[in-house]
Colleague: 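Following this message is one structure expressed as structure tokens.
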Number of protein chains: 2
Amino acid sequence: MSKGRETRERILAIAEESVLAKGFGATSIEEIISEAGLTKSGFFYHFRDKNELARAMLERYVTANDKVFAELFGRGCELSDDPLQAFLIGLKLLAETLADLPNGHPGCLIASVCYQERLFDREVREITARSVNAWNLFFQVRLEEIAQCHPPAEPVDIAHLAQMMSCITDGGIIMSKVLRDPGILPQQVLLFRSYVKLLFAGTPAVRPALLAG
Amino acid sequence: MSKGRETRERILAIAEESVLAKGFGATSIEEIISEAGLTKSGFFYHFRDKNELARAMLERYVTANDKVFAELFGRGCELSDDPLQAFLIGLKLLAETLADLPNGHPGCLIASVCYQERLFDREVREITARSVNAWNLFFQVRLEEIAQCHPPAEPVDIAHLAQMMSCITDGGIIMSKVLRDPGILPQQVLLFRSYVKLLFAGTPAVRPALLAG
DNA sequence: CATCAACTGTACCCACGGTAGGGTTTTGGA
DNA sequence: TCCAAAACCCTACCGTGGGTACAGTTGATG
């Protein structure tokens, strides 16, 4: 990584931590640069203004998150051919990963931005919506595949169920922070897992082959 | 209501709307007073500083929320003697109430504070933790009562299940805001309801009388 | 008529976002 | 080794807005 990108990355990491703890509006550029060890001019060399910083932070955050999801649920697929089992494994791996975070989950930038939306321009808000939709779709395709071979115990809208994953995650992060108990988030992921299990694993599996053929 | 309390209430209402939309750090006192129609001195007559404003806002918000929960789930108890049915009715009423909000749920102050925690003093953070614990307990006692006469289909920690309600709610609010779809929050409440149903309504009910001896 | 709550008015300090523009060092390639 | 571009630093400045300080005013109430 070139020196420029290194500094940029350092700024983004510091800014993310501060924004998650204090909110975007209360995160001062001066604080960021003093921690990053550079001057105001140095900062504005990398980012035109605070909104561009927000955009870059979000993109960094979303990319990192996408990668984690892809890895954990990809691993689930490696470990089982049944889409339901693969998904359940992915959820368990996610819960374990979250439980292993030393200081708990640092917070969700999307949620942080959402509670300060009037501070940002249209583009930033569109990034948040697009990212959440991408995550929802990620879970939706998996859940639809599951529903095809495991009839749900109750009629349920798969799109809403996919959204539930995002809701549980963001809600769990908030509860963990408010109650200062990092364990809540992984527990909630496991509860979602239990719901998925009750919905799809309670009924006898329909072999995909029968559907396909 | 005396004139003083009226002004105070007006300030709190305006501040809440602004804080939920822009965050606490970005909510300017000047904006509040210009909308409330009073001067800076008038504002500081009512609140020593911004932190005291935050405390008052939270207390107001929590009280209002407590009342709504008590009403809806109290109505559920009126409509059914079975604790499970009463709870399911309460959840449905809650979902309907949320769906009827003209512009969707305005946001959760607890979540807003949580993402700006470093801006607040210890007392404010303790209010948030205490309130959330109270809500969790509210749901926990109901769920424990349910579990006593309806054995759960899967082993589940009732305290975690109670927390799930708070997670779903706060997560649903965030998703509704980010995706600009007010319908998501009530849908998620109904999904939680579906989970509770699958957990407790799938197994034959045990008559409380048998347990009581 | 006195008192107190509920303000207004004025003046000020400082932090912070952001601008402007010239100067300096570091780095990578010809 | 040299040169140009990248990656900064330095200084000075402006406007907004949170927050302080404190004296003065108004209106209801006993």
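Note that the structure is a prediction, hence the values are computed from the model and not measured. A, B, ... follow the sequence lines: proteins, then strands. Residue 1 opens every chain.
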Colleague: Please classify the nucleic acid contact of A/S28 as base, sugar-phosphate, or nothing, using heavy-atom distances under 4.0 Å.
Modeller: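 The residue A/S28 makes sugar-phosphate contact but no base contact.
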Colleague: Scan residues 42-49 of chain B against DNA chain D and write down, sorted by residue number, each residue with any heavy atom closer than 4.0 Å; if none is found, say none.
Modeller: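 Hits under 4.0 Å, by residue number: B/F44, B/R48.
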Colleague: Please give, in whole Å, the distance from D/dA28 C1' to B/E6 CD?
Modeller: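 It is 14 Å, rounded to the nearest whole Å.
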Colleague: Can A/R142 be said to sit on top of A/F138's aromatic six-ring, NZ or CZ under 6.0 Å from centre and within 45° of the ring axis?
Modeller: yes
Colleague: If the plane angle is over 60° it's perpendicular, under 30° parallel, otherwise tilted; pick one for A/F120 and A/F24.
Modeller: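 A/F120 and A/F24: tilted rings.
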Colleague: Using 30° and 60° as the class limits, which term best fits the ring planes of B/Y195 and B/F192: parallel, tilted or perpendicular?
Modeller: perpendicular
Colleague: Counting only heavy atoms not in A/Q140, do more than 12 sit closer than 6.0 Å to its CD atom?
Modeller: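 More than 12 heavy atoms, drawn from other residues, nucleotides or ligands, come within 6.0 Å of this atom.
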Colleague: Between B/A95 and B/P186, what is the shortest heavy-atom contact and its length?
Modeller: O-CB, 3.4 Å
Colleague: A/F73 and A/F139: ring-ring contact (aromatic ring centres under 6.0 Å, His included), yes or no, with the steps?
Modeller: CA-CA 10 Å; A/F73 287 90; A/F139 293 111; 5.4 Å; yes
Colleague: How far does CG of A/L98 sit from CD of A/Q188, to the nearest 0.5 angstrom?
Modeller: 11.5 Å
Colleague: Taking the nucleotide of DNA chain D with the closest heavy atom to each, which residue, B/E31 or A/R8, is nearer the 5' end?
Modeller: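 The residue whose closest nucleotide sits nearer the 5' end is A/R8.
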Colleague: Should the heavy atoms of other residues, nucleotides or ligands under 6.0 Å from NZ of B/K50 be counted, would the total exceed 12?
Modeller: yes
Colleague: Nearest whole angstrom, please: distance from the P of D/dC8 to the CZ of A/R5.
Modeller: 13 Å
Colleague: Write down the distance between CD1 (B/I29) and P (D/dT16), rounded to a whole number of angstrom.
Modeller: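 Going from CD1 in B/I29 over to P in D/dT16 covers 18 Å.
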Colleague: OP1 or OP2 of D/dC8 versus the side-chain N and O atoms of A/T7: is any pair under 4.0 Å?
Modeller: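 Indeed, a polar side-chain atom of A/T7 lies that close.
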Colleague: Please give me the minimum heavy-atom distance between B/L91 and B/V189, naming the atom from each residue.
Modeller: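 Shortest heavy-atom separation between B/L91 and B/V189 comes out as O-CG1, 3.6 Å.
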Colleague: Reading DNA chain C in the 5' to 3' direction, which nucleotide is the first one with an atom under 4.0 Å from a heavy atom of chain B, and which is the last?
Modeller: C/dA5 to C/dT10
Colleague: What is the distance, rounded to the nearest whole Å, between atom NZ of B/K40 and atom P of D/dG18?
Modeller: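 Checked: the NZ to P distance equals 7 Å.
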Colleague: Quick one: label B/S34 by what it contacts on the DNA or RNA (base, sugar-phosphate, nothing), any heavy atom closer than 4.0 Å.
Modeller: nothing
